[in-house]
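Written out below as structure tokens is the structure these notes cover.
Every value quoted in this text rests on a predicted model; they were computed, and no experiment measured them. Numbers here simply count residues along the sequence, with the first being 1.
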Amino acid sequence: MNVSELQNSAVMWVACGIPVVLVLAQAIVFASKAWQAGPKLGLTQEQMKAGMRSSAITSLGPSVVILSGMLSLLVTMGGPVAWMRLSMIGSVMFESLAAGFGTAAVGVELGSSGMTELAFTMGLWTMILCSIGWVIFATFTADKMDKIQKRATGSNPAKLAALSTAAVIGAFSSFCAQNLVKLNKSSIAVILGGAIMWLMMTISEKNDVKWLRDWGLTIAILGSMIITALLPLGM
């Protein structure tokens with residue numbers, strides 16, 4: 001059995017499919033519990049449906065980015081591993097980097113024709129072991145987040161909203177800053193994405209175009225990706 005056959009074997013599909021099924025089951029349980037909790041919080045069915053619709057639409061843009069990363073990972077690590085890793089944990093950038101570090105440890109460049117069974121195994125184990133920390137941290141700290149939240153905000157909804165907003169802005173700013181300083185197509189994509197998003201928000205607020213609020217992020221991501229991809233390679 002060569003490396004390609006091993007990567008896409010029935011055993012790998014079954015092994016990688018089990019955690020994906022568990023994640024899907026978890027998502028269904030969470031959605032069901034949230035739907036049951038909505039009326040207790042004073043939400044109407046129309047509000048809950050609007051929230052679900054908005055969330056689904058907003059997820060389309062980031063999903064396209066993940067899909068593009070999955071396609072590159074599919075070529076180097078096989079279909080089952082790419083499907084599993086980007087369906088449950090991790091990020092596009094992390095998965096490729098981790099796999100590359102693993103294969104490099106045995107002298108094989110990720111994506112090269114010299115991929116061996118050992119290199120594939122090393123890449124897979126690196127991806128898995130390097131993400132265990134996230135799972136362990138979430139497992140042992142999730143039940144303590146409520147206490148931390150109360151200490152940080154004093155149960156003040158306004159403080160909580162400000163802290164949450166600041167955290168999201170900080171996270172996205174960190175990602176954007178890394179690409180802005182490159183002064184290449186990545187920088188252009190960041191600027192275009194911000195400009196398109198600003199335009200969508202301005203139009204939505206001035207003309208009360210509600211659907212733009214849902215589709216704004218998706219339009220900004222896809223628009224900046226397409227425009228940047230069409231620019232000359234030398235930029």
If hydrophobic clusters are built by linking Ile, Leu, Val, Met, Phe, Trp and Tyr wherever their side-chain heavy atoms come under 4.5 Å apart, do [X] and [Y] end up in the same one?
X: I128; Y: V81; value: yes
X: I132; Y: W125; value: yes
X: L22; Y: M84; value: no
X: L129; Y: F140; value: yes
X: M127; Y: V108; value: no

Give, for atom [atom1] of [X] and atom [atom2] of [Y], the distance between the pair rounded to the nearest 0.5 Å.
X: W13; Y: I18; atom1: CH2; atom2: CD1; value: 14.0 Å
X: L6; Y: T121; atom1: CG; atom2: OG1; value: 6.5 Å
X: T202; Y: N207; atom1: OG1; atom2: CG; value: 10.0 Å
X: F120; Y: T76; atom1: CZ; atom2: OG1; value: 9.5 Å
X: T116; Y: M122; atom1: OG1; atom2: CE; value: 10.0 Å
X: C130; Y: E95; atom1: SG; atom2: CD; value: 10.0 Å

Side-chain (T228) to main-chain (S224) donor-acceptor, under 3.5 angstrom: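 Yes, T228 side chain to S224 backbone: donor-acceptor pair under 3.5 Å.
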Donor-acceptor contact below 3.5 Å, side chain N8 vs main chain G78: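 No, N8 side chain to G78 backbone: no donor-acceptor pair under 3.5 Å.
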Polar contact flag, side-chain donor to acceptor under 3.5 angstrom, Q36-S32: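 A donor-acceptor contact under 3.5 Å links the two side chains.
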Enclosure of Q47 CD (heavy-atom neighbours >12, cutoff 6.0 Å):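 It does: Q47 CD has more than 12 such atoms within range.
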When you compare the side chain of [Y] with that of [X], does any pair of heavy atoms fall below 4.5 Å?
X: M12; Y: L124; value: yes
X: R85; Y: M77; value: no
X: W35; Y: K49; value: yes

